[in-house]
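Following: one structure in structure tokens, then a few remarks.
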There are 2 protein chains.
Amino acid sequence: MRDFSRSLPMSLLRAREAVMRQFRPALREHGLTEQQWRILRALAAIDAVEVTELARTAFLLGPSLSRILRDLEARNLIERKTAKADQRRSMVSISKEGVKLMASVAPNSEAIYAEITRRFGARKLAELQEMLGALELCLAELGGADDTIAEG
Amino acid sequence: MRDFSRSLPMSLLRAREAVMRQFRPALREHGLTEQQWRILRALAAIDAVEVTELARTAFLLGPSLSRILRDLEARNLIERKTAKADQRRSMVSISKEGVKLMASVAPNSEAIYAEITRRFGARKLAELQEMLGALELCLAELGGADDTIAEG
DNA sequence: CGCATTCACTTAACATGTTAAGCAATTTCC
DNA sequence: GGAAATTGCTTAACATGTTAAGTGAATGCG
């Protein structure tokens, strides 16, 4: 069997970990996890979203998002209100405090990203991202666990 | 701020998830998680290893590995014995049952990997892996949380 | 209308990720 | 030789990943 440490999943895992290692300390200083940061960033780009849509954007599973939103709401970093038209839906938005927190983290985060880009090379980085996107696309067609496309 | 859904961490996360989606169902059929599978594969390649070395190989943190080894030992898929020379060290190896389980999963796993390679293209895949390795390397120099190199 | 189905979200249960603390065996250094 | 530091591993505590089940609201349809 192929040396698993050179398999694609391991390569992707190690690469991602190498990247996230750079960011985690800065986030930690502000009491944020990687996933909480993703949610705040997703929310900062829009006015308000439904939970399901937010899950897709932040790439989190429903149950994880449910828990995190509960905690972020308790910390007054986000706000929720149920939609008028459909009581099942809950609209999530970032709070003033949330915006303030983002503002205090963003510069540091941007600096780290810039350094990574500088070291790896902007062109190479773009190339890499394009390949990752292509991989994702070609596997999306293939499907996988509970793929909604193939089951229609 | 840059659209975070196009950031490098997100690209890596989505790509990896797209890949793992293909494998998880097969592993699940045999009652294995991705991490347990990584450990068995790492063990299959050698006679016996120390826990710390296994953690490095399977890319798992100590505490995670500790728990998983406890469970795999309870399922008789691995074996442990403390080293004679140093009572702190524990040597881990795969059991006969473990080998048998691997043999029953490996063909399926290999087939999935082959299909991914076929769809994405072997050459492109090699290129991608090379870029991932380069990224990892260039960030390793940069360091990160609790980096042992920079602290010596 | 009424009832089964679907939908949006939450809870539950278990496995892992992550950091800090604990513990015993070993090594250092005087 | 022995106290202090280090090492190898485990536990603890909390956050998230993952799948299944639960709950209340909306929808489809007879």
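Source: prediction; values computed, not measured. What's counted below: heavy atoms across the whole structure, side chains too, no hydrogens, waters or symmetry copies. Below, chain A is the first sequence line, B the second, and so on; all start at residue 1.
- Taking atom CZ on B/Phe59 and atom C1' on C/dT18, their separation rounds to 13 Å, with Å as the unit.
- Contact check on A/Glu79 versus A/Lys96 returns no salt bridge, with no Lys/Arg side-chain nitrogen under 4.0 Å from an Asp/Glu carboxylate oxygen.
- Contact annotation: B/Gln35 side-chain N/O to C/dG17 OP1/OP2 distance is under 4.0 Å.
- Every side-chain contact (heavy atoms from CB on, under 4.5 Å) that B/Pro9 has, sequence neighbours left out, goes to A/Arg16, A/Val19, A/Met20, A/Phe23, A/Tyr113, B/Ser7.
- Listed nucleotides D/dT16, C/dT18, C/dT16 differ in distance to B/Leu61; the shortest reach to its side chain belongs to C/dT18.
- Atom-to-atom, CD1 of B/Ile39 to C1' of C/dA15 comes out at 12 Å; the value is rounded to the nearest Å.
- Here the P atom of nucleotide D/dG17 and the CG atom of B/Leu60 are 16 Å apart, to the nearest Å.
- At least one side-chain nitrogen or oxygen of B/Gln36 sits closer than 4.0 Å to the OP1 or OP2 atom of C/dT16.
- A donor-acceptor contact shorter than 3.5 Å is absent between the side chain of B/Gln129 and the backbone of B/Ala126.
- For the pair B/Phe23 CZ and D/dG17 P, the interatomic distance rounds to 21 Å; values are reported in whole Å.
- Look at CZ on B/Arg28: it is 11 Å from C1' on C/dC14, rounded to the nearest Å.
- Note on B/Ala55: nothing from the nucleic acid sits closer than 4.0 angstrom, heavy atoms only.
- Checked by atom type and distance alone, the side chain of B/Arg119 pairs as donor or acceptor with a backbone atom of A/Cys138 at under 3.5 Å.
- Hydrophobic clustering (side-chain heavy atoms under 4.5 Å, transitive across Ile, Leu, Val, Met, Phe, Trp, Tyr) keeps A/Leu137 apart from B/Leu125.
- Across the protein-nucleic acid pair, B/Glu17 atom CD and C/dT16 atom C1' stand 14 Å apart, rounded to whole Å.
- For A/Leu13 and D/dG17, the CG to P distance is 14 Å, given to the nearest whole Å.
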Shorter than 3.5 Å, N or O on both sides, protein versus nucleotides 6-12 of chain C: list them out with atom names.
| unit_1 | atom_1 | unit_2 | atom_2 | d |
| --- | --- | --- | --- | --- |
| C/dC7 | O4' | A/Arg88 | NH1 | 3.3 |
| C/dC7 | O2 | A/Arg88 | NH1 | 3.0 |
| C/dA8 | OP1 | A/Arg89 | NH2 | 2.8 |
| C/dC9 | OP1 | A/Val51 | N | 3.3 |
| C/dC9 | OP1 | A/Ser90 | N | 3.2 |
| C/dC9 | OP2 | A/Thr52 | N | 2.8 |
| C/dC9 | OP2 | A/Thr52 | OG1 | 2.2 |
| C/dT10 | OP1 | A/Arg80 | NH1 | 2.7 |
| C/dT10 | OP2 | A/Ser66 | OG | 2.6 |
| C/dT10 | O5' | A/Ser66 | OG | 3.1 |

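- Look at B/Glu73 and B/Arg70 and you find no salt bridge, because none of the NZ, NE, NH1 or NH2 atoms lies under 4.0 Å from a carboxylate O.
- Taking atom CE of residue A/Met20 and atom P of nucleotide D/dG17, one finds them 12 Å apart after rounding to whole Å.
- Rounding to the nearest 0.5 Å gives a distance of 10.5 Å between OG1 of A/Thr33 and CZ of A/Arg28.
- Distances shown here put every side-chain N or O of B/Thr33 at or beyond 4.0 Å from the OP1 or OP2 atom of D/dT18.
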